[in-house]
Amino acid sequence: RVLRGLTLATVLVPLPRIDFDPTEAGVPWRVLTGAGHAFVFATPDGAPAHADPRMLQGTGLGVLAPMLRAQSNAVADHDRMTRSEAYRAPISWTDIADGLAAGRFDALLLPGGHAPGMREYLESPLLQAAVADFFERDRPVAAICHGTVLAARSRVTREGAAGRSVLYGRRSTGL
């Protein structure tokens with residue numbers, strides 16, 4: 001799509017049911033939607049996801065809560081994101097393959113999180129296949145924090161490299 005001379009992209013953002021990091025989803029959403037890009041969120045069952053409440057409120061983080069919890073501006077970004085039409089109407093993970101085949105997505109954003117609810121996201125064969133598809137199509141992929149773990153677990157399927165991580169031979173930075 002083109003608007004006023006700017007090429008816009010549709011960014012796919014898969015999320016787990018619960019426990020994603022609100023900063024790692026909300027801040028990129030604000031920046032990219034502000035630049036005119038569209039978002040499609042995807043969850044395991046097509047219902048809106050819920051961020052890690054510890055990161056939103058700081059509960060259970062003890063005396064380090066002020067340093068570990070999401071900053072107020074990131075919480076505000078998350079809150080605006082959760083009110084967006086795209087966030088409130090995600091597709092299911094099983095619908096991602098059809099969207100890829102139809103050329104619906106131009107880029108992929110993989111937010112992270114470190115709470116137990118992230119496990120289904122990090123271990124999902126559906127998401128790993130989708131990530132591999134983005135890499136094999138040479139589409140932009142952004143992975144933040146534990147989102148990089150999902151990318152690392154995603155395997156190439158093309159002949160000659162089958163079975164290797166999509167990150168094999170690439171440079172990546174991480175915490």
Side-chain angles (χ1 to χ4, degrees), residues 1-2 6-46 48-49 51-52 77-78 81 84 86-87 89-175:
R1 288 175 283 171
V2 177
L6 298 175
T7 301
L8 304 179
T10 298
V11 181
L12 174 66
V13 183
L15 296 170
R17 286 177 180 84
I18 59 171
D19 288 343
F20 68 90
D21 187 289
T23 301
E24 296 172 12
V27 172
W29 173 85
R30 174 184 48 83
V31 171
L32 293 171
T33 56
H37 302 292
F39 272 63
V40 173
F41 291 92
T43 61
D45 54 6
D52 182 348
D77 290 341
H78 164 269
M81 177 186 74
S84 73
Y87 187 87
I91 64 172
S92 71
W93 288 353
T94 57
D95 293 332
I96 293 173
D98 291 339
L100 282 165
R104 184 174 175 200
F105 314 121
D106 302 304
L108 177 65
L109 171 64
L110 301 173
H114 55 272
M118 287 294 294
R119 178 175 238 154
E120 70 178 336
Y121 170 86
L122 298 173
E123 296 177 355
S124 169
L126 287 170
L127 293 184
Q128 291 171 8
V131 171
D133 196 319
F134 271 89
F135 273 89
E136 289 178 356
R137 293 173 188 244
D138 202 28
R139 298 259 170 88
V141 176
I144 305 169
C145 198
H146 280 76
T148 306
V149 173
L150 175 56
R153 291 178 175 176
S154 301
R155 303 285 175 223
V156 174
T157 58
R158 73 178 180 282
E159 193 174 322
R164 288 187 176 158
S165 169
V166 296
L167 298 181
Y168 179 84
R170 297 177 183 264
R171 295 183 85 187
S172 175
T173 57
L175 187 61

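Under the 3.5 Å distance criterion, the side-chain polar atoms of R139 are matched with a main-chain donor or acceptor of F105. With Q128 contributing its side chain and A152 its backbone, the two residues share no donor-acceptor pair below 3.5 Å. The closest donor-acceptor contact from the side chain of Y121 to the backbone of L150 lies at 3.5 Å or more, if one exists at all. Not one N or O on the side chain of E120 forms a donor-acceptor pair closer than 3.5 Å with the backbone of P16. Side chain of D52 to backbone of D21: no donor-acceptor contact under 3.5 angstrom is found.
Between L15 and P111 the shortest heavy-atom distance is CD2-CG, 3.9 Å. The two residues L110 and P14 have their closest heavy-atom pair at CD2-CG, 3.8 Å. Of all non-hydrogen atoms in G163 and R155, the two that sit nearest each other are O-CD, 2.9 Å. Summarising the geometry of W29 relative to S84, their closest heavy-atom pair is CZ2-CB, 3.8 Å, with the distance given to 0.1 Å. Of all heavy-atom pairs spanning A151 and V166, the tightest one is O-CG2, 3.2 Å. In terms of heavy-atom proximity, L100 sits nearest to R137 at O-NH1, 3.3 Å.
Side-chain contact check for T148 versus L167: some heavy-atom pair is nearer than 4.5 Å. At a threshold of 4.5 Å between non-hydrogen side-chain atoms, the residues F41 and M81 count as touching. By the 4.5 Å heavy-atom criterion applied to side chains, V141 and F135 are counted as neighbours. I144 is listed as a side-chain neighbour of L109, based on a closest heavy-atom distance under 4.5 Å. Side-chain contact check for P90 versus P48: some heavy-atom pair is nearer than 4.5 Å.
Atoms CZ and CD1, on R104 and I96 in that order, are 10.0 Å from each other to the nearest 0.5 Å. Separating the CD atom in E24 from the NE2 atom in H78 is a distance of 12.0 Å, to the nearest 0.5 Å. Taking CG of L32 as the start and CZ of F39 as the end, the distance is 4.5 Å to the nearest 0.5 Å. The OG1 atom of T157 sits 8.0 Å away from the CG atom of D133 when rounded to the nearest 0.5 Å.
With sequence neighbours excluded, no residue forms a side chain to side chain donor-acceptor pair (under 3.5 Å) with R153. For D45, the salt bridge (Lys or Arg N to Asp or Glu O under 4.0 Å) partners two or more places apart in sequence, or in a different chain, are R17.
Across L12, V11, L127, a single residue satisfies side-chain contact (heavy atoms from CB on, under 4.5 Å) together with L108, and that is L12.
Below 30°, between 30° and 60°, or above 60°: for H114 and H146 the angle between ring planes is between 30° and 60°, a tilted geometry.
For residues 89-103, every residue pair satisfying the side chain to side chain donor-acceptor pair (under 3.5 Å) rule, not counting sequence neighbours, is listed here: S92-T94, S92-D95.
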